[in-house]
Novice: 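Quick one: the structure is below, and I'll ask about it shortly.
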Amino acid sequence: MKIEHIVGPVIHTTSDRKLVIHDNVRIDLKDGKIERFTVNPGENNLNKETTRYLKNGEFLIPGLIDGHIHAVQFPNLGIGYDKCLLDWLDAYTFPLEKKYSDAKFAEKVFDAVVRRTLKMGTTTACYYASIHEEASLILAKKAIEHGQRALVGKVNMNSSKCNGYSESCENSMSVTEAFINKVQKLNSPLIQPVITPRFALSCDMKLMKLLGDLAKKKNIHIQTHISENKDEVLAVREAYNEHKHYADVYDVAGLLTDKTVLAHGVYLTDSELEVISKQKTAVIHCPASNTCLKSGLCDVRRLQAANVKVGLGTDVSGGNFPSILDVMRAALQVSAHLSFIHDSYKPLTYEDVFCLATLGGAEALALSDKVGNFEVGKEFDALVIDLDSPNSVLDNLQSYTLQEKLQRLIYSGDDRNIMEVYVSGQRVV
Ligand code: GUN
Ligand code: ZN
């Protein structure tokens, strides 16, 4: 059902990065977009059929944005953390991803993935599929079917060192072009293709350069991984020893643009941050994954101080849970741990991670003209939250302020508190 008005308390981060809390707002929608945002609207005579009046205790927040998630890796959730990144890829991840040559398997997994992430409040997901064209297209169609906003990438990898999971450079390019054309022909306002060279160890420079050219020609997004793990960084240094650093490899390939998202960035040096900032490229912080795979502690404040856009990612199944609420908590914990190590380090607050999960993610994905908060002109992607929902263990909340409720949602809430999910004004959960 498409709604035209929604009335109740609202919490969001405005574009000047201020957390704003209103007890009573009326949001008027037109074709799924926010047409008017009225604070303290007073009495109104709205059509009950198309108006959602929030019940006592409910409030509205923007939809959550998962800037980095491998849809194909869901069957491995919660296993494999006995190994670190490179061995984990070889032992657990590549063997699983090969299975997506089977379209039936892809269909079954992706249906569950999209429904589950929507239930967790992810209204926008930046997905990795597999190297297979058919499976990647199935993922795009599943997002459309269930009403999720998504960037979907067919993975590119032509290295012979990926446990037999690879393709030739020529094949990689022709399949990627075909995939992009087919996604664009679906003609859905929710879905965009994203060029997805997996990382510098899975692609050679020739393939990365061709992909960089293609992204430029088509003016589309790029996603890859960078500087996640110390062994990976060393291996990249060896494989590309004529380059200044890891970021330079991608820069020379033309892969760093204002529509590129780099997952992780745990070990980026100051000079790498300079290049990334100059190219207006974003980093997606994946703290749950970085802990599960023992990759390291990423310092978000340092990235932001270098003027790099930052969003959050679950990085399933490097990350152990497909919920951005969980990732917000992981980001708070990693940041607290950094403050134990570095004197005078100011850890992230729940307001900071709320911003990273919404407006920050939108800016990182270059989608902040469309989503991220409730400013007029944006799409209405939103969650109705109730901390006192019958299934929840949290109760007795009537006396808490909205600010306290936000804190409680972030530290202790889960999908049982997400009562409804809207994407472009359409209720999808
Ligand atoms: N680096 C290259 N591929 C992957 C992947 O699938 N997951 C993570 N976490 N890092 C990667
Ligand atoms: Zn990843």
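As the structure lists them, so they are numbered: ligands from 1, and atoms in each ligand from 1.
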Novice: Under a 4.0 Å heavy-atom cut-off, what residues line ligand 1?
Specialist: His70, Gln73, Leu85, Trp88, Leu89, Arg198, Phe199, His225, Glu228, His264, Asp315
Novice: Please identify each residue that fulfils side-chain contact (heavy atoms from CB on, under 4.5 Å) with Glu58, with sequence neighbours left out.
Specialist: Arg52, Leu54, Lys55, Val384, Asp386, Met419
Novice: Given the side-chain rings of His68 and His264, with only the six-membered ring counted for Trp, is the space between their centroids under 6.0 Å?
Specialist: yes
Novice: Distance check below 2.8 Å: does His68 bring an N, O or S atom to the Zn ion (ligand 2)?
Specialist: yes
Novice: Distance only, no hydrogens: is a donor on one side chain within 3.5 Å (strictly under) of an acceptor on the other, for Asn373 and Thr13?
Specialist: no
Novice: Can you check whether Tyr246 and Phe199 have ring centres sitting under 6.0 Å from each other?
Specialist: no
Novice: So, His12 versus Phe37, ring centres under 6.0 angstrom or not?
Specialist: yes
Novice: Would you check if the Zn ion (ligand 2) lies under 2.8 Å from any N, O or S atom of His70?
Specialist: yes
Novice: Can we call the ring centroids of His22 and Phe374 under 6.0 Å apart?
Specialist: no
Novice: Name whichever N, O or S atom of Asp315 ends up nearest to the Zn ion (ligand 2).
Specialist: OD1
Novice: Distance alone, cut at 3.5 Å: any donor-acceptor contact between the side chains of Gln279 and Asp258?
Specialist: no
